[in-house]
Protein chains: 2
Amino acid sequence: MTSAPPTVATASLPAPASRRMSGEDRRRQIVRIAMRRFSEKGFSGVTTKEIAAEAGVSEAIIFRHFATKQELYAAILDQKMKDADAAAFWALMRELAARRDDRRFFETIMQHIIERHRADYSFQRLLFFSALEGHELSEMFFRLYARDIFDFLGDYIETRVREGAFREVNPQVAARSLFAMPFLQTMFEQLHRDQTVTGSPETLARAYAAIFLDGVSRPATAPTAKSSPARTS
Amino acid sequence: MTSAPPTVATASLPAPASRRMSGEDRRRQIVRIAMRRFSEKGFSGVTTKEIAAEAGVSEAIIFRHFATKQELYAAILDQKMKDADAAAFWALMRELAARRDDRRFFETIMQHIIERHRADYSFQRLLFFSALEGHELSEMFFRLYARDIFDFLGDYIETRVREGAFREVNPQVAARSLFAMPFLQTMFEQLHRDQTVTGSPETLARAYAAIFLDGVSRPATAPTAKSSPARTS
DNA sequence: CACGTAAGTTAGTATTCACTTACCAAGCAA
DNA sequence: TTGCTTGGTAAGTGAATACTAACTTACGTG
């Protein structure tokens, strides 16, 4: 008997891994591996055999924990929704909203979106796949997660319009625009490994928030041009 | 022998369809059906048997036209790229750019994005799938199609910044923002069947373009508030 | 140490999948 | 009619796939 247990010493990826895990641990390991695999190739693109192999375990073990492949898939979203704890983030957002600190409010939410999507690359891809494949679970996730964000954003923008701080924009359209910018940023990074626009979440969030708040046009009061319909050269 | 050929009389969807098509026609029909199916369930989610059944033909016919399933998949993108003819659109865009008609320029491009994505629902989903599944063909499509758009937009914005008409924004960031808005709009419509923000392409494009150009903030010159850091309460 | 429980294995099974082979018949030109 | 090209079919083939049944081994506890 070698005295020390395997711990972290194993190779890492195709590792046959340690034997005799506790049920709980094994289950979590399988869910983790399945998430990565499904996020890479979609539900029907991955075999249970593959997952078992990566976990260093026989296929039958997977079916001890999950009755069907579908159930394993569902378990991924289940666990993610349990893990998701954005309480601190929401507290900050409510504070910024109360202080009417528009710029920091939008920068923070955009930065948060970029950070989360970058950190949780696999899960984002998985959500895409599941949305495309029409799994009800993705729908549920969007209803619970995205809906909240959009409602919150929409309400804030609506308030600021009423207060006269914002122009008479449609709050829903504005909220969607706001979300679209950092979202597409990370989507491009992840889908096409696009590197044309890079930067830290802070930097990017500042740039996007500036466009969202101020627009790209130079306001009419600027020294150069009047806002007359068009300067035809 | 019934005198009249089947023509269009057949049921429509699970139709065994007409017999003895010309090779060319059959090929196109198969590509059309495959596109719809792949766009619904992804590459590995669809069987060649399914496609054959919908075409009202035996599986072997598919493999007469396409050596492998992969080749059929590739043929879809191939044909789409041949069909795509945006010459008129580009001419209009160049004209608007030359006239420095910023608002119409951006409204037109956003409207175009919404229209195309709405009209070509299946193909958009297919592109998503293929991007996620990492098919090289999707990469090719994006390099040829999206790259052009972004370069064109980036160049125009850069020019307008130099001319002093736009604020000192990063052209790439601005171009991406611009694209993100109508793109996410249709993505939500298609992925979640979301109906919170509806409207014709024109209406939506106007709303999004206004945010992009003018921002949501009311400019400091407005009667209500000065641009001082924050109006607490 | 016995011993029961839970983690793990081996070796299937039925079915489905992409793809093939060998044959058939519709149309058309000579 | 003959013959030949071409669109079409029937019936497979071997490899995978999700999932199962029956058996084995590690481990904590009375």
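Order of the sequence lines sets the chain letters (A, B, ...), proteins ahead of strands, with each chain counted from 1. Only this structure's heavy atoms are used, side chains among them; waters, hydrogens and symmetry mates stay out.
- No hydrogens or angles considered: a donor-acceptor pair under 3.5 Å links the side chains of A/Arg176 and B/Gln185.
- For B/Arg32 and B/Gln29, the side-chain atoms include no donor-acceptor pair closer than 3.5 Å.
- The structure places CZ of A/Phe152 at 5.5 Å from CH2 of A/Trp90, a figure rounded to the nearest 0.5 Å.
- One atom, CD1 of B/Ile61, and another, C1' of C/dC19, lie 14 Å apart when rounded to the nearest Å.
- Atom CZ of A/Arg20 is separated from atom C1' of D/dG28 by 10 Å (rounded to the nearest Å).
- Of all nucleotides listed (C/dC19, D/dA26, D/dA18), D/dA18 comes nearest to the side chain of A/Glu59.
- Protein atom CZ of A/Phe63 is 12 Å distant from nucleotide atom P of D/dT17, rounded to whole Å.
- Between the side chain of A/Arg26 and the base of C/dA7, no donor-acceptor pair under 3.5 Å is found.
- Looking at the side chain of A/Ala60, the nearest of the listed nucleotides C/dG8, C/dT10, C/dC19 is C/dT10.
- Under 4.0 angstrom from either OP1 or OP2 of C/dA18 there lies at least one side-chain N or O belonging to B/Lys69.
- Going from atom CD1 of A/Ile62 over to atom P of C/dA7 covers 15 Å, rounded to whole Å.
- Between B/His65 and A/Phe43, the residue whose closest nucleotide on DNA chain D is further toward the 5' end is B/His65.
- Spacing between atom CD1 of B/Ile30 and atom P of D/dG8 amounts to 8 Å, rounded to whole angstrom units.
- Rounded to an integer number of Å, the gap from B/Ile51 CD1 to C/dC19 P is 11 Å.
- The side chain of B/Ser58 lies closest to D/dT9, out of D/dC19, D/dT9, C/dT20.
- Of all nucleotides listed (C/dA18, D/dA18, D/dG7), D/dA18 comes nearest to the side chain of A/Thr48.
- For C/dA7, its base sits under 3.5 Å from the side chain of A/Arg64 at one donor and acceptor pair at least.
- We find that CE of B/Met21 is positioned 17 Å from C1' of C/dG27, with the value rounded to whole Å.
- Following rounding to the nearest Å, A/Phe66 (CZ) and D/dT17 (C1') show an atom-to-atom distance of 19 Å.
- Across D/dA21, D/dC19, C/dC17, the shortest atom-to-atom separation from the side chain of B/Thr47 is found for C/dC17.
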Walk me through whether B/Glu202 and B/Arg206 qualify under salt bridge (charged side-chain N to carboxylate O under 4.0 Å, His left out). CA-CA 6 Å; B/Glu202 292 97 317; B/Arg206 248 200 306 277; over 6 Å; no
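- Checking B/Arg36, B/Arg37, B/Lys69 one by one against B/Glu50, the salt bridge (charged side-chain N to carboxylate O under 4.0 Å, His left out) holds for a single residue, B/Arg37.
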